[in-house]
Amino acid sequence: MTFMPQSQNAVDPVKLEKLAEVAVKVGLQLQKGQDLVVTAPVVALPLVRLITKQAYQAGAGLVSAFYSDEETTLSRYQYGSDESFDRASDWLYEGMAKAYANGAARLAVAGDNPLLLSEQDAGKVGRANRATSTAYKPALEKISNFDINWNIVSYPNPSWAKVVFPDDPEPIAIAKLARAIFAASRVDVDDPIAAWTEHNANLAKRSAWLNGERFASLHFKGPGTDLTVGLADGHEWHGGASTAKNGITCNPNIPTEEVFTTPHALRVEGQVSSTKPLSHQGTLIDNIQVRFEGGRIVEAKASRGEEVLNKVLDTDEGARRLGEVALVPHSSPISASGILFYNTLFDENASCHIALGQCYSKCFLNGATLSQEEIKAQGGNSSLIHIDWMIGSDKVDIDGLRPDGSRVAVMRQGEWA
């Protein structure tokens, strides 16, 4: 393999090994005999090899890896027939859904170029995204419903590194991004697993406080934002480690700084402005401004990527409603780094955020026992998509509203009150 020697030289091999270990032992808590499905950019092969080694050392049944490639993706837009953009690899996603139904764990390695499709036809991008979302839904439901243990980690793809650090030569940009990933993922310490145990305990305390308050809604107030997010009936806050329906406790996102729950799909009112760009499947969407009525987005604007944003919102009825609201202090380590990652996995952990689309059934009391009809009746949203975007900053205040209308300060100037 000769496709990425520079990045291999720029990435600390000891910390990369630690990241692989954390992904398997903390992110997944992979069980003996359990199969693992891995998806990754082909440039992340060094990390996937280490993950595969760690997985088999942990007793994995069978590890199956599937790779994407940026040049291959671009070839579709340059040479593919028009009708191809309404298709997706249904057979692949059906196979993944079957694997998850049979008990496999899922691990995704993120790191694609956030601007990969920024110069491509927005109509084709939107059609391809919709086709993929439709084909992926059976697998996504297994993940979003926490039927399985799953995890996402990241690798410093050279093209991503150059977006984050455009003024640096590629090897230096890769090294900087690698260090930032390792720090945010808590693998730059002597004992990363102990560090994650402590961090999970702190997030659990935040979740417990919010669950004790039982707020009816949250009110966000800041520049361009005056938004009331009603919370689903019987909602439950989570953060850090979560126990999936298969009984395995996993850390779905590495890194993570959030506590999150499910909004009520019909009870969101007001306007909100994004505070960081959203990188969505190769397109950058910036300065998002939307207005909600009756839980539904009725007006949406963006200074960049507006056409793609509106096509995303037209994916299905649930795409214009919320499936998640998450609280993150402005002083989180990722925010304090001052780095804009152009990657939702990182940027959402620098800022409070909301997600369009599919809710997590995990975020309901006794969620594992609820049917889809019961989740909907309690306010849970259903959609082909789940897209997080950032609405928090040091200029945003958040109040919790109790059922009797009284207010409790939750955050002031982006920090826990």
Side-chain angles (χ1 to χ4, degrees), residues 201-240 242 256-273 275 290-298 320-332 348 351-356 358-370 374-381 388-417:
N202 290 332
L203 291 174
K205 289 178 183 177
R206 293 292 184 191
S207 298
W209 178 76
L210 288 161
N211 285 326
E213 288 289 344
R214 308 302 314 161
F215 293 126
S217 61
L218 297 175
H219 180 225
F220 293 76
K221 182 73 173 177
T225 294
D226 188 353
L227 182 73
T228 300
V229 178
L231 302 180
D233 300 334
H235 68 275
E236 186 171 50
W237 289 88
H238 288 271
S242 292
T256 185
E257 302 290 337
E258 65 177 338
V259 291
F260 60 97
T261 195
T262 295
H264 196 294
L266 306 180
R267 300 176 188 163
V268 183
E269 304 285 344
Q271 63 272 357
V272 62
S273 298
T275 52
V290 304
R291 182 166 59 86
F292 287 88
E293 289 183 2
R296 186 174 185 272
I297 293 176
V298 295
R320 289 182 176 267
R321 300 182 186 274
L322 296 185
E324 179 188 346
V325 58
L327 303 182
V328 179
H330 182 69
S331 60
S332 79
E348 73 171 4
S351 167
C352 294
H353 53 274
I354 50 180
L356 305 171
Q358 180 66 39
C359 75
Y360 291 123
S361 61
K362 176 74 178 175
C363 293
F364 288 89
L365 294 168
N366 303 311
T369 66
L370 297 178
E374 289 170 323
I375 289 171
K376 181 178 180 181
Q378 291 181 213
N381 192 34
D388 300 90
W389 51 287
M390 287 56 76
I391 64 169
S393 74
D394 57 356
K395 299 178 177 61
V396 175
D397 294 337
I398 304 171
D399 284 342
L401 278 65
R402 293 183 172 130
D404 64 4
S406 60
R407 288 177 173 260
V408 175
V410 175
M411 284 188 161
R412 288 292 180 266
Q413 296 182 322
E415 300 300 329
W416 292 103

What's the separation between atom [atom1] in [X] and atom [atom2] in [Y], rounded to the nearest 0.5 Å?
X	Y	atom1	atom2	result
F260	S242	CZ	OG	5.0 Å
L231	E213	CG	CD	12.0 Å
D394	S351	CG	OG	10.0 Å
C352	E257	SG	CD	12.0 Å
L365	D233	CG	CG	10.5 Å
W389	S273	CH2	OG	7.5 Å

Would D397 and Q413 satisfy side-chain contact (heavy atoms from CB on, under 4.5 Å), going step by step from the backbone distance to the final call?
CA-CA 5 Å; D397 294 337; Q413 296 182 322; 4.2 Å; yes

Note to self: Applying side-chain contact (heavy atoms from CB on, under 4.5 Å) to V396 and M411, what does each step give before you reach the verdict?
What the structure shows: CA-CA 8 Å; V396 175; M411 284 188 161; over 6 Å; no

Identify the heavy atoms of [X] and [Y] that sit nearest to each other, and give their distance.
X	Y	result
A232	F364	CB-CE2, 3.6 Å
P403	R214	CD-O, 3.9 Å
H353	M390	CB-CA, 3.9 Å

Q: Test D226 against H219 for side-chain contact (heavy atoms from CB on, under 4.5 Å), laying out the working first.
A: CA-CA 7 Å; D226 188 353; H219 180 225; 2.7 Å; yes

Side-chain contact test, heavy atoms from C-beta onward, threshold under 4.5 Å: evaluate it for [X] versus [Y] and give yes or no.
X	Y	value
I354	P263	no
L266	R321	yes
C359	I375	yes
Q378	L370	yes
L227	V268	yes
F292	Q271	no
E236	T262	no
Q358	E324	no

Exercise. R291 side chain to V298 main-chain N or O, any donor-acceptor pair under 3.5 Å?
Worked result: no

### Query
Is a side-chain donor or acceptor of T275 paired with a backbone partner of G392 at a separation under 3.5 angstrom?
yes

Practice task
Evaluate the criterion side-chain hydrogen bond (donor to acceptor under 3.5 Å, both in side chains) for residue pair N211 and H235; output intermediate values, then yes/no.
Solution key: CA-CA 8 Å; N211 285 326; H235 68 275; 5.5 Å; no

Could you pull out all residues at least two apart from [X] that satisfy salt bridge (Lys or Arg N to Asp or Glu O under 4.0 Å)?
X	answer
D399	R407, R412
R206	none
E374	none

Next item on the list: Might you work through the side-chain contact (heavy atoms from CB on, under 4.5 Å) test for T261 and F215, ending with a clear yes or no?
Entry: CA-CA 11 Å; T261 195; F215 293 126; over 6 Å; no

Test applied, side chain to side chain contact (heavy atoms under 4.5 Å, CB included); reference residue, L218; option that passes from L327, T228, L210: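 One option only clears the test, and that one is L327.
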
inquiry  = Consider side chain to side chain contact (heavy atoms under 4.5 Å, CB included). Of V272, V410, I391, which one does F220 pass it with?
reply    =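 The single option meeting the side chain to side chain contact (heavy atoms under 4.5 Å, CB included) with F220 is I391.
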
- prompt: How are the rings of W209 and W416 set to each other: parallel, tilted or perpendicular (split at 30° and 60°)?
  reply: perpendicular

